[in-house]
Amino acid sequence: MQTPIGSSPPPVAVDLETHLIAPGLLAPPPVCGSMCNNAGPLLTTPADVADLVRQSELVIGANIAFDMGVLVAHGLLSLEEAFRAYDEGRIHDILLGQALDAIAKGHLFKDPRDGGNLRDPATGKQVGRYSLAVCSDLALGLATAKENDLYRTRYALLEGKPHHEWPELARQYPRDDARNTYDVALVQYGGSFDVTGLHPEAYDNLHDMPRQARAAWALHLASMWGYRTDPKRVEALAARIEREHDAALASFVPVGFIRPDGTEDTSAVKKAAAKAYGAGGTCKVCNGRGKVPSPKTGNPVACKEGCDGTGLDLSTAPSLPRTEKGAVSASRDTLMESGDEVLERYAMVSENDKLRATYVPFLRQGLKWPVNPRPNTLVESGRTSYSDPTQTMPRGNGVRECIVPRPGSVFCSIDYSAVELCTLAQACIHLVGKSRMAELINETGDPGSLHTAFAASMVGVPLRELKARVKAKDPAAVGYRQAAKAANFGFPGGMGASTLVLAKRKRIEGVTKSPDGEVEYAGIRFCLLIGGATRCGDEKVTEWKGKAIPPACKRCLECAEDLRSQWFLQWPEMKEYFDFVAYRVDTYGFITQIASNRVRGGVTFTSAANGYFQSLAADGAKGALYAVTRECYLDKKSPMYGARPIFFNHDEIFSEMPLSIASDAAKRMAEVMVREMRVVVPDVTVAAEPALMWRWSKDAATVYDLGGKLVPDPKTL
DNA sequence: ACTCCAGGCGCC
DNA sequence: AAACGGCGCCTGGAGT
């Protein structure tokens with residue numbers, strides 16, 4: 001893996017200047033390269049940069065996956081050579097280095113000097129991620145890293161001209177970038193690039209760099225491929241949403257919730273909500289006007305102290321749900337539970353508005369060019385994120401269905417089955433030495449059996465019997481299993497009973513029916529599922545265990561408390577797990593992630609309780625993404641050679657592949673995903689199921705033809 | 001016109 | 001003792 005000292009060029013920072021990134025073009029043509037090693041910076045050619053990537057013992061860059069993508073796309077570096085550099089752990093991305101260290105210290109995406117948000121040192125503006133400029137500022141105290149950037153966006157103009165004819169500024173900028181990148185990396189390494197081991201003063205978590213760099217490369221390749229949207233579907237969706245929007249205007253402009261200009265009058269909505277929860281009288285602070293002069297500007301602003309702009313005496317409505325900071329809640333749940341018919345109808349508007357504002361514009365980007373989503377390789381939990389809605393596409397309303405494969409290809413989605421239950425079980429084995437969950441998953445090969453098993457315990461029948469009753473759609477058995485599932489997914493993160501009740505009733509899809517079938521309630525209602533109640537919410541309380549809560553069904557709360565006690569009996573490891581987490585958090589304040597040994601600082605009880613299994617799943621899935629991508633791009637003998645991952649969704653790899661190879665490719669991809677997850681989850685069975693589809697859909701199922709060939713789910717046509 | 005924050009909500 | 005988490009986008013309101 002490591003090249004002997006002396007036989008390869010020393011660590012070097014590299015950078016490319018390219019034509020501009022454009023829609024559908026994430027790897028524009030390179031114009032020049034720059035490099036910096038211990039001898040200083042040099043302006044050079046893209047081909048020279050490729051040579052350095054081939055040979056250097058350590059190749060340093062800022063968002064270097066971009067440069068690698070450019071070199072590969074323009075034939076200067078082969079895919080084999082690019083992957084080899086990652087395989088050998090020779091790629092160091094200073095942006096990831098900065099993030100890894102910040103995660104250890106608990107200040108990711110914060111400026112450790114003042115605790116505030118990250119800012120670009122040149123503009124002073126807040127930024128959401130690390131950049132060369134930000135890293136230069138943080139690591140070097142250099143606030144002027146990008147001062148010679150006149151040509152930053154103009155290198156296309158210099159294409160074909162010899163370097164000596166370039167203006168001095170155009171020659172200076174790439175050298176500055178390479179030098180700053182090199183200097184930042186040197187600080188990250190603790191002052192010397194030691195190939196025999198990390199320097200004692202090196203940044204924290206640097207050992208995780210090779211894995212994160214590989215993930216970044218795979219994510220970047222996926223984004224380069226991109227995805228398209230279907231014009232007919234997008235416009236049909238947009239038209240439907242516009243119609244609903246117009247209908248909302250017609251309904252709610254007259255009542256004042258929406259102004260004639262289309263914006264929402266949030267104070268009017270809050271006022272109606274407050275009234276619905278029983279508020280009356282007049283706010284003593286603003287005398288009912290809802291506005292007070294701003295102490296700073298004198299402008300009329302919402303009366304925050306008294307009534308949050310409602311003009312009402314809120315002390316007359318103790319049950320009125322409030323936000324974290326004490327404002328009047330206007331959330332969908334608040335409106336839905338208000339008992340006011342107009343507010344209940346208005347609650348539905350927010351869903352349509354979100355589609356209209358966020359998802360339709362995003363889908364429209366894919367009409368003309370492929371969407372190249374913008375991944376962020378590493379966040380605090382070890383997961384990924386995207387600077388766009390890629391990971392938050394709604395499952396309903398026909399949104400995902402707008403995304404379609406290129407002609408001749410199909411989509412393939414493979415996700416792990418309940419992987420966080422598997423990683424939780426693994427975490428318990430690792431941290432407290434035992435896991436009943438692991439035993440059951442391994443016996444049955446199915447994490448879903450945890451729900452059935454817990455339900456069976458509650459009902460007091462053998463697992464097999466409850467399974468049969470669920471299969472026969474016995475409503476009581478199904479209800480117990482639903483409650484068990486909610487418990488298994490909610491409680492491991494440290495959730496309390498009241499939060500579970502409130503969270504589960506908020507769900508927009510799915511209803512719970514009263515036993516007589518006459519009333520439908522939104523979401524899950526524990527009193528009906530396991531409490532023997534005939535109606536939910538006959539008695540409501542606004543306080544639970546000494547804590548104020550929005551009005552909630554008392555019986556539901558009692559049932560959830562009972563569920564939680566039984567859950568601890570069902571999984572004896574969980575008490576010890578929580579004890580361990582509390583000890584870690586109280587004693588050390590940081591946790592060390594299992595398998596990766598990545599340190600995460602600044603944790604709370606709940607973030608740590610979640611963090612162990614969430615991070616383990618993330619690390620395993622990222623490893624799988626790299627292995628899958630490698631085989632798709634590189635391994636000509638693999639059944640999935642030629643398939644293309646498009647995006648990554650925590651526990652899911654979504655790819656596009658020619659129909660002709662899809663069956664074998666998908667099966668192979670699922671195998672590799674399981675194999676790679678098992679690297680970090682060695683003691684628990686893991687499963688991943690492929691589904692092929694003609695367009696993206698949450699509903700797509702695994703479908704085989706009579707010959708055992710995996711075929712696209714016909715539902716998705 | 002721009003910036004920032006809180007609230008809300010989409011996903012896993 | 002008790003405690004779900006982590007993401008990013010959009011809006012409105014308020015300040016500069």
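Everything numeric here is computed off the predicted structure, so don't read it as measured data. Per chain, numbering begins at 1; letters A, B, ... match sequence-line order.
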Give a yes/no answer on whether the side chain of A:Lys325 brings an N or O atom under 4.0 Å of OP1 or OP2 in B:dA6. yes
For A:Asp353, report the nucleic acid contact type (base, sugar-phosphate, nothing); a contact means any heavy atom under 4.0 Å. nothing
Between B:dC11 and A:Arg395, is there an OP1 or OP2 to side-chain N/O distance shorter than 4.0 Å? yes
Suppose we screen for side chain to side chain contact (heavy atoms under 4.5 Å, CB included). Which residues come up paired with A:Val419, at least two apart in sequence or across chains? A:Tyr416, A:Thr423, A:Ala617, A:Asp651, A:Met677
Establish, with yes or no, whether the OP1 or OP2 oxygen of B:dT3 is under 4.0 angstrom from a side-chain nitrogen or oxygen of A:Lys125. yes
Closest of B:dG10, B:dC12, B:dG7 to the A:His650 side chain is B:dC12
OP1 or OP2 of B:dC12 under 4.0 Å from side-chain N/O of A:Lys698: yes
When you measure from the side-chain N and O atoms of A:Arg119 to the phosphate of B:dT3, is any distance below 4.0 Å, counting only OP1 and OP2? no
Output the residues of residues 265-273 of chain A in contact with DNA chain C, where contact means a heavy atom of the residue under 4.0 Å from an atom of the strand; sort by number or write none. A:Thr266
With a 4.0 angstrom cut-off to heavy atoms of chain A, pull out the first and last contacting nucleotide of DNA chain C, in 5'-to-3' order. C:dA3 to C:dG15
Under the side chain to side chain donor-acceptor pair (under 3.5 Å) test, residues paired with A:Thr334 that sit two or more places apart: A:Ser329, A:Ser331
Just call it for A:Gln614: base, sugar-phosphate, or nothing, with non-hydrogen atoms closer than 4.0 Å on any strand. base
Give one of base, sugar-phosphate or nothing for A:Tyr386, where a contact means two heavy atoms less than 4.0 Å apart. sugar-phosphate
Determine whether A:Tyr577 and A:Ser435 satisfy the following criterion, side-chain hydrogen bond (donor to acceptor under 3.5 Å, both in side chains), listing intermediate values before the conclusion. CA-CA 10 Å; A:Tyr577 177 72; A:Ser435 171; over 6 Å; no
Are A:Ile241 and A:Tyr359 close enough that some pair of their side-chain heavy atoms sits under 4.5 Å apart? no
Which part of the nucleic acid, if any, lies within reach of A:Ser329 when heavy atoms closer than 4.0 Å are counted: base, sugar-phosphate only, or nothing? sugar-phosphate
Can the ring centroids of A:Phe605 and A:Phe578 be said to lie less than 6.0 angstrom from one another? yes
Tell me, which of residues 356-364 of chain A have any heavy atom that sits under 4.0 Å from an atom in DNA chain C? A:Ala357, A:Thr358
Write down the distance between CD1 (A:Ile403) and P (B:dC11), rounded to a whole number of angstrom. 13 Å
Please give, in whole Å, the distance from B:dC12 P to A:Lys622 NZ? 18 Å
Tell me, which pairs form a salt bridge (Lys or Arg N to Asp or Glu O under 4.0 Å) where one or both residues lie in residues 560-572 of chain A, sequence neighbours left out? A:Lys545-A:Glu561
For the residue pair A:Glu689 and A:Ser417, confirm or rule out a side-chain donor-acceptor distance under 3.5 Å. no
How would you label the contact of A:Pro389 with the nucleic acid (heavy atoms, under 4.0 Å): base, sugar-phosphate, or nothing? nothing
Using a cut-off of 4.0 Å on non-hydrogen atoms, how would the nucleic acid contact of A:Thr604 be classed: base, sugar-phosphate, or nothing? nothing
